[in-house]
Asker: 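Handing you a structure now.
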Amino acid sequence: MALAPPALGADYASADEALAAIEGLEADVERFLQRLERTVASSRPLVASFRRDRDRHRGHRARVRRRLGLPSSETAAASEAPDAALPALREAQSALVYAHAEALPALGDAVSVSLLLGDMVDLARHLTVIDLWIESEAARG
Amino acid sequence: MAEARRDFVLRLARGAGWGSALLGLLDGTVRALSKSEETDLAILDASLTLEHEAIAIYEAALQRNLFLAGLRAYAVEFVGDHKGHRDTQLGLVEERGARPAAPLDDYHLEEMRTGDAAIRRCLEVEIAAQRAYQALNSQIRTKDYLLTAAFILVDEVRHETVWKRVTGIRIY
């Protein structure tokens, strides 16, 4: 289940636009995590681990914004998703991973690229963890 | 542990014939390279050497039937990904009118005779690929190659994470 590049990927016009897209997609993922941790007790260690990474990623983006002279962003509170379906979480997570890849060419700064690449690696790992969870649920029937 | 991992990644990159500037990026002694066509080509070449090695390891392990039934599908998927990465990057080198890196004659796979040994070699090459793409990608000048290399890196992380889980290493 490798990630094939999307047929029509985002072509961000600016770093600000790319970072705003990432922040919106990160909030989407958070909605599913909120629902999961409330309804599936065994997911809590995983959700806590993902959030630790997310907090570090926010710090990286704040650093990128400072480097590029962009205004800081407000983190909007996410409302809980209506269900805890893993495929929907996977879709949101996949969109977030792609957004990081597609943001890189818009940054124009090697340090910023390096920071977002590291975040993308964490998020791709999360995506695989979700895939493996989906596979184990399917195997269990 | 991190030191040992860095050592084998460097050993693998040296064995694949990487130049000193790229090795320096990998071990942290070089912070940046000049963004140029030459740098992009050097990164493409280095990446190709790792893709060739990964393909050789997976193909040998599959031919020797070393993967348990439940893991064979991952190996087939991952070697397919690596062939896709190789072909994409071969195309990029050829577009630039350069001659791409060829596979080595020998990857010293004679001792890979058990499932555990195969998974260990697969995990090592995936860790090396993930580290290499992560270290090198920020130095890429061309936007289309940067995007391609980012998508490849996402695949490498998937491969590494699956093998880590199989070997009982924490993945979150």
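In what follows, chains carry the letters A, B, and so on, assigned in the order in which the sequence lines appear, proteins first and then strands, with residues in each chain numbered from 1.
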Asker: In terms of the angle between their ring planes, are B:Tyr172 and A:Phe50 parallel, tilted or perpendicular, with boundaries placed at 30° and 60°?
Answerer: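 Rings of B:Tyr172 and A:Phe50: perpendicular, as their planes differ by over 60°.
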
Asker: Is B:Asn137 reaching over with its side chain to a backbone N or O of B:Leu146, donor-acceptor style, under 3.5 angstrom?
Answerer: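 Such a contact is absent between B:Asn137 side chain and B:Leu146 backbone.
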
Asker: Return the minimal non-hydrogen interatomic distance between A:Arg125 and B:Val157, and the atom names on each side.
Answerer: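 Looking at all heavy atoms of both residues, the closest pair is N-CG1, 3.5 Å.
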
Asker: What are the two closest non-hydrogen atoms of B:Glu59 and B:Val79, and how far apart are they?
Answerer: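 Closest heavy-atom pair between B:Glu59 and B:Val79: CG-CG2, 4.1 Å.
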
Asker: Specify the closest pair of heavy atoms between B:Val125 and B:Glu53, including all atoms of both residues, with the distance to one decimal.
Answerer: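 Of all heavy-atom pairs spanning B:Val125 and B:Glu53, the closest is CG2-CG, 4.1 Å.
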
Asker: What part of B:Gln130 gets within 4.5 angstrom of chain A, counting heavy atoms only: side chain, backbone, both, or neither?
Answerer: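 Just its side chain gets close to chain A.
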
Asker: If you count heavy-atom pairs under 4.5 Å between each of A:Ala106, A:Gly108, A:Ala139, A:Ser49 and chain B, which one has the most?
Answerer: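 Looking at each option in turn, the highest pair count goes to A:Ser49.
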
Asker: For chain A, which candidate among B:Glu160, B:Gln134, B:Lys35 shows the most heavy-atom pairs at distances under 4.5 Å?
Answerer: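 If we count pairs closer than 4.5 Å to chain A, B:Gln134 comes out on top.
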
Asker: Looking at A:Val121, A:Leu116, A:Val113, which has the largest count of heavy-atom pairs under 4.5 Å with chain B?
Answerer: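 Between A:Val121, A:Leu116, A:Val113, the count favours A:Val121.
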
Asker: Is it the side chain or the backbone of B:Arg31 that comes within 4.5 Å of chain A heavy atoms, both, or neither?
Answerer: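 For B:Arg31, there is no contact with chain A at all, as no heavy atom is under 4.5 Å.
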
